[in-house]
Enquirer: 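What follows is a structure written as structure tokens; I'll ask about it next.
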Amino acid sequence: MMLNTQPHLQACDDFYEALIAAHQGLSTPESHAMNARLVLLLANHIGDQATLLHALQLARGAAMPLADRRATQAITPVVPTHALAA
């Protein structure tokens, strides 16, 4: 399966609003845990290892294989903006 990076999501504004609403009232650790569960649910839905690895590389913002990047860069967590407002 080839990773589709073209706009494909229908009602993307509605999904974004639902995603933000799903995070409302969660602590930062709860929000991170929800994001992790969402990623795993969607990864299970996709089910294709090559597609998922390609998505991971794009999400990290580089074409370099993840194994090479792990040794050179630390992970910088991003705090959701709604968590800052609470």
Side-chain angles (χ1 to χ4, degrees):
M1 173 188 310
M2 183 134 179
L3 183 63
N4 181 1
T5 59
Q6 298 301 310
H8 182 66
L9 181 62
Q10 296 176 356
C12 55
D13 290 339
D14 292 342
F15 175 74
Y16 183 75
E17 185 176 312
L19 179 62
I20 297 302
H23 282 271
Q24 292 295 323
L26 297 179
S27 67
T28 299
E30 290 170 333
S31 182
H32 288 196
M34 187 192 123
N35 282 337
R37 288 190 298 272
L38 179 60
V39 166
L40 292 174
L41 285 167
L42 294 174
N44 184 62
H45 179 75
I46 293 168
D48 181 73
Q49 182 76 359
T51 300
L52 294 169
L53 292 177
H54 186 203
L56 287 172
Q57 289 176 350
L58 291 177
R60 293 231 20 178
M64 183 185 303
L66 286 175
D68 295 341
R69 294 179 58 91
R70 278 188 215 129
T72 59
Q73 294 187 352
I75 296 171
T76 304
V78 177
V79 177
T81 56
H82 73 275
L84 297 173

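Just the heavy atoms: all of them, side chains too, but no hydrogens, waters or symmetry mates, feed the values below. None of the values given here were measured: they were computed from a predicted structure.
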Enquirer: If you group Ile, Leu, Val, Met, Phe, Trp and Tyr by side-chain heavy-atom gaps below 4.5 Å, do F15 and L26 land in one group?
Expert: yes
Enquirer: To the nearest 0.5 Å, what is the distance between NE2 (H32) and OG (S27)?
Expert: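 OG of S27 is found 9.0 Å from NE2 of H32.
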Enquirer: Rounded to the nearest 0.5 Å, how far does CG of L19 lie from CG of N35?
Expert: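 Going from the CG atom of N35 to the CG atom of L19 covers 7.0 Å.
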Enquirer: Atom CG in L41, atom CD1 in I46: separation rounded to 0.5 Å?
Expert: 11.5 Å
Enquirer: Supply the atom-to-atom distance H54 NE2 to T5 OG1, rounded to the nearest 0.5 angstrom.
Expert: 7.0 Å
Enquirer: Just wondering, more than 12 heavy atoms not from E30 lying within 6.0 Å of its CD?
Expert: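 Atom CD in E30 is crowded, with more than 12 foreign heavy atoms closer than 6.0 Å.
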Enquirer: With rounding to the nearest 0.5 Å, note down the distance linking CG in L38 to CE in M34.
Expert: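 If we round to the nearest 0.5 Å, L38:CG and M34:CE are 6.0 Å apart.
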Enquirer: For T51 and M2, which heavy atoms make the closest approach, and how far apart are they?
Expert: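 Looking at all heavy atoms of both residues, the closest pair is OG1-N, 4.2 Å.
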Enquirer: I need the L52 CG to M1 CE distance, nearest 0.5 Å.
Expert: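 Taking CG in L52 and CE in M1, the distance rounds to 8.5 Å.
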